Protein chains: 2
Amino acid sequence: MPETITQSIQDYLKHIYELNENGGAASTNDIATRLNIAPASVTGMLQKLASATPPLVVYKKHQGVTLTKSGEKVALEVIRHHRLLESFLVNTLGYAWDEVHNEADKLEHVISEDFEARMAEALGHPTRDPHGELIPSADLVMPADESCPLASLRTDETATIRRVSDDDPALLRHLREIGVVPEVKIIVKNYSEFDGNLTIKVEGQKSNVVLGTAVTSQVFVDK
Amino acid sequence: MPETITQSIQDYLKHIYELNENGGAASTNDIATRLNIAPASVTGMLQKLASATPPLVVYKKHQGVTLTKSGEKVALEVIRHHRLLESFLVNTLGYAWDEVHNEADKLEHVISEDFEARMAEALGHPTRDPHGELIPSADLVMPADESCPLASLRTDETATIRRVSDDDPALLRHLREIGVVPEVKIIVKNYSEFDGNLTIKVEGQKSNVVLGTAVTSQVFVDK
DNA sequence: CAAAAAATTTAGGCTAGGCTAAAATATTTT
DNA sequence: AAAATATTTTAGCCTAGCCTAAATTTTTTG
């Protein structure tokens, strides 16, 4: 490991992990956008992370980065902290699901392993956080995720909501209101090929709702 | 306020507050010892805190520092966080009273005001933490403390344990074992004027215990 | 496929908050 | 009250992690 894994390094690795999950290598620009810092600053850090011992990322100029095994361990630890914290805040302190993200983003870097273990125990070792996102296991393995974007469904398909992106509180409040929360069943009533809008019927809700791709790309379902 | 109140500044102010509680002005050396940094580094920070707008400390060369009203507010906020967190960790996650200090030292700087309020609510707005230390109120007033060091008692005096210093886990475990915990009554059986040892009978304990000043100076009682 | 646009990297700088060594000031002891 | 000791400050330095501006790819597009 590099001498010390700073809070800043933890944040880089966490976001690189999440970017790697989607496309392949994480680009300098995408990392900069997520961390809200200048791309030039990111380049500097990537070089540092790549030449740490052991290296935390694999970096080739102009081609983005991927995590090494060591880097991934750090990322998964932070993500486990984040998601356990979100669950803990909802369960224990009555936070709403749109209020936990920022708090967890700060706490994830400072809690001890003991704190992590006590939360997991108190929560009954959950495998998903309040948004349905998978929680890496204590030995830092990320469970397989079968879900696909709601946006990929078409007319007459049915599915079960599995998870929603946790970083937009306003979107979370809206989804809560229309009943789009994990484990709820839906059926697609209509797909519009012009704007990608989906009209869906949500289990337990009286009326259908029409959702644009800005929403349906953030909601993940199992068919 | 200075542009930003960093974690480091919060720590300085917290420790200066505690040093001010004992003697008058906090000395450069004492601050350095508590923060585990070089005295020269402390001087630099004190100058910075003194020339902030508004100033957070009153600083005169070679004469130590005291907090300004602004500095005190920051210190009390941090101390409130710390002590609420200690209570929360004990109550909610089953920590022992000797295990909470380090965790609280890290968390105190990152929790939100919302988190603070939710903890206070969940705990029923406590006025003391698990070590009996007073918790500043939500509007940042420190309750008056009437207690005096156990070390100041003499033969035949009786008293009630009010609080114990929270920063030495080994001492805390020992005190727990011999029943020296807040709200317990004691009676001094003997005072040795040579070494300052006190022989005390602790309510609910079969045998007397002899405590040196290293212990009795860390335990505070109401007569 | 060349030119324009976008992405990335290099170069040089800045701030926060540490450090050590040496100088200055206080305090204590004789 | 002078010498010795302890404390505090100054001076100069260092690292982490950010910044902007300019140079260099890489990618897209006419």
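Numbers restart at 1 for each chain; the letters A, B, ... are given by sequence-line order, proteins then strands. Given the structure is predicted, the values throughout are model-derived calculations rather than measurements.
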Without decimals, in angstroms, what is the distance between [X] [atom1] and [N] [atom2]?
X     : N      : atom1 : atom2 : answer
B/Q63 : D/dT8  : CD    : C1'   : 12 Å
A/K48 : D/dG17 : NZ    : C1'   : 7 Å
A/K60 : C/dT9  : NZ    : C1'   : 17 Å
B/Q7  : D/dA16 : CD    : P     : 18 Å
B/L35 : C/dG18 : CG    : P     : 8 Å
B/Q47 : D/dA11 : CD    : P     : 10 Å
A/M45 : D/dC18 : CE    : P     : 6 Å
B/D11 : C/dG18 : CG    : C1'   : 14 Å

Looking at [N], I'd like to know if its phosphate oxygens (OP1 or OP2) sit under 4.0 Å from a side-chain N or O belonging to [X].
X     : N      : answer
A/S27 : C/dA7  : no
A/Y59 : C/dT8  : no
B/Y12 : C/dA16 : no

Review point. On DNA chain D, nearest-nucleotide positions of A/H62 versus B/N29: which is more 5'?
Key: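 Looking at DNA chain D, the more 5' nearest nucleotide goes with B/N29.
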Exercise for review: Return the 5'-most residue of the pair A/S8, B/K61 with respect to DNA chain D, ranking by each residue's nearest nucleotide.
Suggested key: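 Looking at DNA chain D, the more 5' nearest nucleotide goes with B/K61.
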N/O donor-acceptor pair under 3.5 Å between [X] side chain and [Y] backbone:
X      : Y      : answer
A/R83  : A/P136 : no
B/S112 : B/F115 : yes
B/N91  : B/L123 : no

[X] has a side chain; which of [options] sits nearest to it?
X     : options                : result
B/S41 : C/dC19, C/dA11, D/dG17 : C/dC19
B/A38 : D/dC18, C/dT9, C/dC19  : C/dC19
A/T28 : C/dT9, D/dA16, C/dC19  : C/dT9
A/I37 : D/dT9, D/dC18, D/dA16  : D/dC18

Check your understanding: In terms of side-chain geometry, is the basic nitrogen of B/R118 or B/D114 positioned less than 4.0 Å from the acidic oxygen of its partner?
Key ->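 Salt bridge between B/R118 and B/D114, a charged N being under 4.0 Å from a carboxylate O: yes.
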Point to revise | B/S137 vs B/D139, side-chain hydrogen bond (donor to acceptor under 3.5 Å, both in side chains): CA-CA, chis, key distance, verdict | key: CA-CA 5 Å; B/S137 63; B/D139 53 348; 2.5 Å; yes
